[in-house]
Number of protein chains: 2
Amino acid sequence: MTAPAARRGRPRNEDADGRILEAARKLLFERGYDRFAMDEVAARAQVAKTTLYRRWPTKDHLLVALVARIQDEVPVADTGDLRRDLVVYLTAVATGLNGMRAVGRPGAPGDRSAGVVAELVAAAARHPDVGDAVRALFARRNALPLALLDRARERGELRTGCSSELVFDQLAGALYYRLLVTGEPIGAEYVEELVDQVLVGAAATPRPDPRPERT
Amino acid sequence: MTAPAARRGRPRNEDADGRILEAARKLLFERGYDRFAMDEVAARAQVAKTTLYRRWPTKDHLLVALVARIQDEVPVADTGDLRRDLVVYLTAVATGLNGMRAVGRPGAPGDRSAGVVAELVAAAARHPDVGDAVRALFARRNALPLALLDRARERGELRTGCSSELVFDQLAGALYYRLLVTGEPIGAEYVEELVDQVLVGAAATPRPDPRPERT
DNA sequence: CCATTTACGCTACTGCAGTTGCGAAAAGGC
DNA sequence: GCCTTTTCGCAACTGCAGTAGCGTAAATGG
């Protein structure tokens, strides 16, 4: 796959890629995406600006390349306990998202901004190819939790007629909706409530109400 | 509330506001947000660029003002049938969102972009005050469907212990997640499946499976 | 009438994304 | 060794967001 190919002309300075991405990463975390200047990335990476644009046609493209690289692998537990596994996974996602809020900003405590994630979404909307890349990124990231749901379905724990995608949309959707739209914080309690609520709707056996508070 | 106030200096040309917003609206729909130049808005509205910036400190601010103005009131039916009312409302929202995709773009049929909505979200993330405005916008828009849920709860149709906000997060979240992240189209069937699924989880009386397909 | 206050238009400026053109460097093919 | 191909660095450029300074117009208060 990673064939050297030995093409015709002067070879690319592969070393430069790393320097650029590293410089970009630092600059992004220092300043955030808006005060992130391509000229300065080039300067810090000891590279001409044109070289930079030969690799990533726009700033947005560089951003997704950066995020794709940084993206810490969210670990997926698979203990067979669907509820617990989902809570673990979504909590990790929420923690990551909360961390993305403050990237490159003065650490205001009441920060309700979606930070880098919002810029990523906007970049995906601006350039079709960036959109494809972002979707591929998410598909890769979501493959494991989706498999979790499929396996629970095979064990007979989920209703037939409700697709795993739909269930996952509800879970991830609520999280991203909070992050991107309402801006409300996403705490651990919220994640648990959410999972419980969604699983009530998705479970095959009518579960008892997880929070029986009838007085 | 709309006191003339009769302040001290030269009064604002209120007429200009309308001209600017109208010119901006047209330009936005012609070109989309990225090829939308403030200079041209000023030119079309017969106004100096500085005047423009005296009213909206950034392009992002002008955008939200524009969207807040355009925002067609989504009608809320309240027939007492929660499922039907939610489907009606969310379908209207989905239609609106789908319409937002193509704004200012060559009408590519397979358009997966989130268009203006993504820019709105990014703008909200960039400027705290824009974020507040956008959240106020959504709060206003969502007040009625939330009331719908509250009323159903009063009728005893919803489980205790699951907040209306959480239910609404699942519904709206799935829609926005599809629009902004996965980019998948949001059809009428999807909305119905979603509502059914969420209501199974939220209903007080354990509903029968809405799609019994067990063979 | 005149001073003050605020809005307007105009021009010129900075900063940054992205482009263009060109000469030089580094590889392969012969 | 020479030609071709591709990358690189450099410098100058366009386009647009946003700003600054300044003279002028339109209102209020005395």
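Being a predicted model, the structure only gives us computed values, none of them experimental. Order of the sequence lines sets the chain letters (A, B, ...), proteins ahead of strands, with each chain counted from 1.
For the salt bridge (charged side-chain N to carboxylate O under 4.0 Å, His left out) test, residues two or more places apart in sequence or in another chain that qualify with A:D17 are A:R55. Scored by the salt bridge (charged side-chain N to carboxylate O under 4.0 Å, His left out) test, A:D60 finds A:R126 as partners (sequence neighbours excluded). Taking A:R84 as the reference, nothing meets the side chain to side chain donor-acceptor pair (under 3.5 Å) condition, with sequence neighbours excluded. Scanning for salt bridge (charged side-chain N to carboxylate O under 4.0 Å, His left out) contacts around A:R10 gives an empty result, with sequence neighbours left out. Checked against side chain to side chain donor-acceptor pair (under 3.5 Å), B:D129 has the following partners two or more places apart in sequence or in another chain: B:H61. With sequence neighbours excluded, no residue satisfies salt bridge (charged side-chain N to carboxylate O under 4.0 Å, His left out) with B:D81. For the ring-ring contact (aromatic ring centres under 6.0 Å, His included) test, residues two or more places apart in sequence or in another chain that qualify with B:Y177 are A:Y176. In terms of the side chain to side chain donor-acceptor pair (under 3.5 Å) criterion, A:Q46 has no residue partners (sequence neighbours excluded).
Put simply, CG on B:L52 is 11 Å from P on C:dC8, counting in whole angstrom units. Rounded to a whole Å, the CD atom of B:E40 is 10 Å from the P atom of D:dA17. Across the protein-nucleic acid pair, B:R126 atom CZ and D:dG18 atom P stand 9 Å apart, rounded to whole Å.
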Quick one, give me the B/S/- string for nucleotides 16-27 of chain C, reading 5' to 3', where B means a protein heavy atom under 4.0 Å from the base and S means that only happens at the primed atoms, P, OP1 or OP2. -SBBB----BBB

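Using a 4.0 Å cut-off between a side-chain N of Lys or Arg and a carboxylate O of Asp or Glu, A:R19 and A:E22 do not qualify as a salt bridge.
Contact annotation: A:R55 side-chain N/O to D:dC8 OP1/OP2 distance is under 4.0 Å.
In the region residues 13-22 of chain B, proximity to DNA chain C at under 4.0 angstrom, judged on heavy atoms, holds for B:N13.
Within the structure, salt bridge (Lys or Arg N to Asp or Glu O under 4.0 Å) pairs that include any residue of residues 161-171 of chain B comprise A:R178-B:D169 (at least two apart or interchain).
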DNA chain C in dot-bracket, Watson-Crick or G-U pairs under 3.5 Å, [ ] crossing, | other strand? ||||||||||||||||||||||||||||||

